[in-house]
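A short write-up of the structure that comes next.
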Amino acid sequence: MCRITDFYQYKYCRGNYFINVFINKESAKGIKSLLIEKLKEKNLNEEYICVYTILLDKININMKESIYVKLRINKCYLQYLKDLYYDFYGREESIYVKEVICHLQYFIEEDGDSIFKFYDLMENTKISALSKM
């Protein structure tokens with residue numbers, strides 16, 4: 001459980017804002033390669049660096065466990081994953097990101113309004129909330 005330091009961290013780090021996604025190792029390797037390539041960009045802002053680094057770390061940590069990679073993802077990652085997908089649209093690995101996006105969208109319909117309000121927060125607040133996962 002994250003330590004509560006402000007309202008936004010409480011609101012966006014509650015347990016119901018997380019979802020467990022299980023992907024096979026091939027998918028995880030594809031997503032990992034896109035994340036590594038994206039993180040090499042020099043003009044990537046801090047918010048995206050934070051999110052993509054956390055995702056990459058989660059993949060690396062859970063890749064050794066079994067034939068599936070379990071990712072506990074905050075539902076607010078949806079927009080960041082969509083941006084990753086569109087940045088690499090047309091590449092073979094992007095289909096793996098799309099699968100995760102579809103899975104997240106299916107399970108967050110009831111939380112949509114509050115999740116989309118998250119994207120209107122200031123960048124520092126978003127980074128603070130997202131890095132506590």
Side-chain angles (χ1 to χ4, degrees):
M1 182 173 174
C2 69
R3 190 174 66 209
I4 298 170
T5 56
D6 63 36
F7 170 74
Y8 296 113
Q9 286 184 12
Y10 172 73
K11 185 173 182 179
Y12 295 103
C13 288
R14 291 183 304 181
N16 66 339
Y17 277 88
F18 289 91
I19 189 165
N20 290 323
V21 178
F22 293 88
I23 56 176
N24 62 27
K25 285 193 177 185
E26 180 184 344
S27 298
K29 287 177 186 176
I31 294 171
K32 180 179 173 178
S33 70
L34 295 180
L35 289 170
I36 290 169
E37 191 170 332
K38 192 68 180 167
L39 285 168
K40 289 180 182 177
E41 289 184 8
K42 296 193 185 297
N43 61 349
L44 196 61
N45 70 30
E46 285 185 47
E47 181 183 341
Y48 282 81
I49 291 171
C50 173
V51 170
Y52 292 155
T53 302
I54 290 171
L55 279 173
L56 186 60
D57 289 345
K58 287 181 181 206
I59 288 172
N60 285 333
I61 290 168
N62 294 308
M63 203 138 169
K64 302 167 188 157
E65 307 250 333
S66 69
I67 59 171
Y68 290 101
V69 177
K70 176 185 175 186
L71 301 176
R72 186 170 187 256
I73 298 178
N74 188 301
K75 294 175 185 178
C76 295
Y77 277 34
L78 179 63
Q79 186 60 47
Y80 304 101
L81 288 169
K82 284 183 178 179
D83 290 343
L84 183 67
Y85 171 71
Y86 291 125
D87 286 344
F88 293 103
Y89 183 79
R91 294 239 329 240
E92 185 177 328
E93 299 96 334
S94 68
I95 193 70
Y96 305 129
V97 177
K98 186 175 182 179
E99 290 173 5
V100 174
I101 290 168
C102 291
H103 186 77
L104 282 172
Q105 285 178 325
Y106 178 79
F107 287 103
I108 66 170
E109 287 184 19
E110 71 276 0
D111 297 330
D113 289 339
S114 59
I115 289 171
F116 290 118
K117 287 178 188 174
F118 173 82
Y119 301 120
D120 293 333
L121 299 175
M122 293 185 331
E123 183 180 35
N124 289 340
T125 305
K126 289 190 277 190
I127 290 171
S128 177
L130 292 169
S131 64
K132 300 291 183 196
M133 300 179 193

- Message: Walk me through whether E37 and R91 qualify under salt bridge (Lys or Arg N to Asp or Glu O under 4.0 Å).
- Response: CA-CA 12 Å; E37 191 170 332; R91 294 239 329 240; 3.0 Å; yes
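Note that CG of D83 and CD of E47 are 9.0 Å apart. Values are rounded to the nearest 0.5 Å. A distance of 11.0 Å separates CD in E46 from OG1 in T53, rounded to the nearest 0.5 Å. Note that the CD1 atom of I73 and the CG atom of L78 stand 10.0 Å from one another [nearest 0.5 Å]. Remark: I101 CD1 to K82 NZ distance equals 7.0 Å, nearest 0.5 Å. Rounding to the nearest 0.5 Å gives a distance of 10.0 Å between CG of L35 and CG of D57.
Taking the side chain as every heavy atom from C-beta outward, K38 and L44 approach each other to under 4.5 Å. Using a 4.5 Å cut-off on side-chain heavy atoms (C-beta onward), I59 and I31 make contact. In this structure, the side chains of Y77 and V51 come closer than 4.5 Å at one or more pairs of heavy atoms. Taking 4.5 Å as the limit, every side-chain heavy atom of I49 sits out of range of all side-chain heavy atoms of N45. Within the 4.5 Å cutoff, side-chain heavy atoms of K29 are placed close to those of M63. Within the 4.5 Å cutoff, side-chain heavy atoms of N20 are placed close to those of K70.
Side chains of E26 and Y96: a donor on one and an acceptor on the other come within 3.5 Å.
In this structure, Y80 has its ring center at least 6.0 angstrom away from the ring center of Y52.
Y85 pairs with exactly one of V100, L34, V97 by the side chain to side chain contact (heavy atoms under 4.5 Å, CB included) rule, that one being V97.
Between Y86 and Y89, the two ring planes are tilted [angle within 30° to 60°].
In the displayed structure, K98 atom NZ is contacted under 6.0 Å by at most 12 heavy atoms of other residues, nucleotides or ligands.
In plain terms, the two heavy atoms of E93 and G30 that are nearest each other are CB-O, 3.6 Å.
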